[in-house]
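This one's a predicted model, so the numbers in the text were calculated from it and none came from an experiment.
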Amino acid sequence: MSKKTPKNKPKRSSKRKTSPHLRPEPAQLRAIERLLEAEDFAKAIERARQLVQRFPDHGGAQGLLIEALRRGQGAQFAAVVVHDWAERHPQSLFAQEQLLVYATEGHCLMLAERVAEQVRALGGEVPSSFPLSDEIKTALCTLVDGTRADEAAMVQFDRARLCMNGFAFSKALRYLEDLELTSARNNRITCLFHLERIDEALALALEGWRRDDENLFALGWAASLRLYLGDVEGASGLCTRLAMMTARRADEALPQLIALLLLDQPEAAWAAYERTVDAPWWEGIQDLTTALMTHLGACAAARCGELKPARRLWQEIEQASPGFALAAENRLAAADVETLLPAAIEMHNAIPAGRFNAMRNQMQAQRTSQAEKTLIGLSASNAYLRALYINGSEPLRQAVSVVLMYRLQQRDNAVAEVLRELVRLPIGTSNDRFKMLRVLREAGQLGEDELIEFWDGDTLRAIKLFEMQVHREPTDSGLPDALDDLLDEARDDYNDFQFEACESKLQSILASFPNHPQTLLMLAAMRHMARRRTEAEQLLRQAIEANPDYLLARCNLARALIMRGELEAASDLLEGHREQHRIHILDLIQLHGVLAMLESARGEDEVAESQLKLVESFIEDDHEADRLEEVRRLVKRVKAKREGFFGRALRALVRR
């Protein structure tokens, strides 16, 4: 007789499964809504993504993620989430209606046509523009070579385009892999680049050009990808063919113009743009693609010295596409110069999107060091990075300079010639150029007495960068602990304007150490503020006589001499102390501030400004920035005093 299993025997526990009825807590949804109200979109996107991962079928969580993406990053990023949601829920009327809106907004009309059918089948209403007319569908399905593609293939192609627009390149590549269309093969090149599969992208680009020798999309990408891999000769070899041909449509013209600009062929790029706008298919600026092409044409014109047509084209873009920021920036810059290296390319078009997105997310999460590691891991060649710096937007130039300087610090000495070239060019900021010089110096790529050409903001001139190690270590007062504490208290009194208490403490220190330099300096500052300037100078001279290397006392005395017009005496005071191999950041600010005052007093305002810009490249925090700003104000006072003197002299001459 067999044993019977008791009815109350507990069942064996099964693996935990997510129930379709599970839903987020209302408080979790409200927390994201509050973030949206506060316009903290980065955090709202992060929280909503986490919620969607846990509850992928919850419409409220999906809706919040879509709203956060749309408002925080753009409709094209929200469209990818909408598309995935609608694919998982083909019977959800709301999901299909949302996809119809986003597909239509993204000009993915064949996909929109298919979704409209589904919406109608689910009992929803669709816009009167659907179904599309046979004429529109024929135009959408007609390929560049005149052949007609299958409608189902074009729907799949639209799905890929929608994903590409939202930087979802892995998803886009899956839709494109089975499509034997020229446009699909071209878009696979773009996807492979942004997934950092550079060798595969180049092979596909060369294959696409061999299949169709008029395919400028493939040829342009092949040239840019060879440059990315460091094959400058191979990239340049494709330029002859690239420069001769006329694009068949806008999406082919873009890689053509970009490659020619990256390979220092602005004349060829300008000629190609002019041929393109004369082509029968060109109808002027209509959308983002044609606006971008017009912008690249304007950049090519500016690089050729044709600033008038460049400004006209940028103005046309501003009127047609007001949100196109680079057009306005370049047009304004072109109004003040005779030659211009315009910002042609933005970061998301030049750096693989996976790396760019990771870096952007890390920066939004304030993980700066992690973002920097992501950036410096970029595999692009030095030649490609050089081209990006010359042709890039300001954020792109900043990113490229970080990578190049890091490589030089890692003993990639080939970068030195690139940096030497870049500091000569009127692009980027003076701060960036000084940082490049510092890295060159630290890497042993600049001789101690070497003159190097440098763009100082107004002109190209030769400068000598002295060797200098800047530190921020605490300075030792040299006093016993008890008096050192008393000096700190005196410094606090000084900063709180408690001058009587401050002087009492300083005099106590001087009773034991009559020539203590920091104490004498603080007492001199108090005498100066009380307009007892003769006493102040006597204290400074006492400090210098007892401590000849005390730089701050020399700087303060030299400053007083400059304001009195005793320039040679001030210069003699600093002789032998101008170039120090190791210097504290606050001493650096004071020293070069006084040197800038001296140059300004002599009428050398450009040299004075270069002194201040050198210091600016070392600034790391607000306290240091405030000290530099104080110095700048003193330099302006010297300039105003000098101009006032000459003004009085001229008026005296007129009266005679």
Side-chain angles (χ1 to χ4, degrees), residues 429-435 437-438 456-457 465-466 468-477 487-499 502 506 516-530 533 536-537 539-540 543-544 547 549-563 570 573-574 577-601 605 607-641:
T429 66
S430 293
N431 195 31
D432 288 339
R433 292 191 289 277
F434 272 118
K435 284 180 180 177
L437 287 180
R438 280 175 51 204
D456 68 0
L465 187 73
F466 54 86
M468 181 169 50
Q469 181 185 355
V470 178
H471 71 92
R472 291 171 172 78
E473 298 166 9
T475 53
D476 185 0
S477 70
L487 182 62
D488 285 340
E489 292 174 17
R491 191 175 290 111
D492 292 339
D493 289 339
Y494 181 87
N495 292 331
D496 293 336
F497 304 102
Q498 303 296 321
F499 297 128
C502 177
L506 295 178
H516 185 254
Q518 293 166 323
T519 305
L520 290 171
L521 180 67
M522 197 180 305
L523 192 57
M526 291 174 59
R527 294 288 184 266
H528 182 80
M529 291 177 67
R533 289 170 184 164
E537 289 187 22
L539 289 165
L540 291 172
I544 293 167
N547 309 274
D549 292 329
Y550 188 43
L551 186 60
L552 288 181
R554 287 182 176 273
C555 289
N556 276 268
L557 183 54
R559 186 180 298 138
L561 294 172
I562 291 168
M563 297 307 291
L573 196 62
L574 298 174
H577 296 268
R578 296 168 184 253
E579 299 182 7
Q580 302 197 16
H581 292 291
R582 179 173 166 81
I583 189 170
H584 192 277
I585 181 62
L586 298 181
D587 290 352
L588 174 76
I589 294 169
Q590 295 301 319
L591 173 61
H592 283 271
V594 175
L595 291 174
M597 289 174 68
L598 190 58
E599 296 296 349
S600 183
D605 291 326
V607 179
E609 182 59 23
S610 71
Q611 294 277 0
L612 297 177
K613 285 178 178 175
L614 173 61
V615 176
E616 188 180 352
S617 69
F618 289 92
I619 298 299
E620 290 188 358
D621 60 35
D622 291 341
H623 175 67
E624 294 168 10
D626 290 343
R627 300 289 79 77
L628 178 58
E629 190 56 36
E630 289 174 5
V631 165
R632 284 190 179 278
R633 285 196 290 269
L634 287 169
V635 174
K636 288 178 182 177
R637 279 182 59 194
V638 170
K639 183 179 179 182
K641 188 179 180 71

Using side-chain heavy atoms (C-beta onward) and a distance below 4.5 Å, is [X] in contact with [Y]?
X: His584; Y: His471; value: yes
X: Met526; Y: Leu506; value: yes
X: Leu540; Y: Leu520; value: no
X: His592; Y: Leu595; value: yes
X: Ile589; Y: Ile619; value: yes

Residue list, side-chain contact (heavy atoms from CB on, under 4.5 Å) with Glu609, at least two apart or on another chain: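 Only Leu612, Lys613, Arg632 meet the side-chain contact (heavy atoms from CB on, under 4.5 Å) criterion with Glu609.
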Roughly how far, to the nearest 0.5 Å, is [atom2] of [Y] from [atom1] of [X]?
X: Leu628; Y: Arg633; atom1: CG; atom2: CZ; answer: 10.0 Å
X: Asn556; Y: Tyr550; atom1: CG; atom2: OH; answer: 8.0 Å
X: Met522; Y: Leu552; atom1: CE; atom2: CG; answer: 11.0 Å
X: Lys639; Y: Glu599; atom1: NZ; atom2: CD; answer: 14.0 Å

Check step by step if side-chain contact (heavy atoms from CB on, under 4.5 Å) holds for Met563 and Met597. CA-CA 9 Å; Met563 297 307 291; Met597 289 174 68; 3.9 Å; yes
Provide the closest heavy-atom pair for [X] versus [Y] in the form atom of the first, atom of the second, distance.
X: Ala608; Y: Ala596; result: CB-O, 3.3 Å
X: Ala558; Y: Ala570; result: O-CB, 3.7 Å
X: Asp605; Y: Ser600; result: OD1-OG, 3.2 Å
X: Val631; Y: Gln590; result: CG2-NE2, 4.4 Å
X: Leu487; Y: Ser477; result: CD2-CB, 4.1 Å

State whether the number of non-hydrogen atoms from other residues, nucleotides or ligands found under 6.0 Å of Arg637 atom CZ is greater than 12.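 Counting other residues, nucleotides and ligands, CZ of Arg637 stays at 12 neighbours or fewer.
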Take atom CG in Asn495; do more than 12 heavy atoms of anything else shown fall under 6.0 Å from it?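 Counting neighbours around CG of Asn495, more than 12 heavy atoms of other residues, nucleotides or ligands fall under 6.0 Å, so yes.
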Please list, chain by chain and in numerical order, all residues satisfying ring-ring contact (aromatic ring centres under 6.0 Å, His included) with Tyr494, sequence neighbours excluded.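 So Tyr494 forms a ring-ring contact (aromatic ring centres under 6.0 Å, His included) with Phe499.
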Not counting sequence neighbours, which residues clear side-chain hydrogen bond (donor to acceptor under 3.5 Å, both in side chains) with Asp488? List them please.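 Residues passing side-chain hydrogen bond (donor to acceptor under 3.5 Å, both in side chains) with Asp488: Arg491.
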Check: Leu573 main-chain N/O paired with Arg554 side-chain donor or acceptor under 3.5 Å: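 Yes, the answer is positive, given that a donor and an acceptor are paired below the 3.5 Å cut-off.
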Side-chain donor or acceptor of Asp621 paired with backbone N/O of His623 under 3.5 Å: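 Judged by distance alone, yes, a pair lies under 3.5 Å.
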Which of these passes side-chain contact (heavy atoms from CB on, under 4.5 Å) with Leu598: Ile562, Leu561, Val635?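 Passing option: Ile562.
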Chi angles and distances behind the salt bridge (charged side-chain N to carboxylate O under 4.0 Å, His left out) call for Glu624, Arg627: CA-CA 5 Å; Glu624 294 168 10; Arg627 300 289 79 77; over 6 Å; no
Worked verdict on Gln518 versus Thr475 for side-chain contact (heavy atoms from CB on, under 4.5 Å): CA-CA 11 Å; Gln518 293 166 323; Thr475 53; 4.0 Å; yes
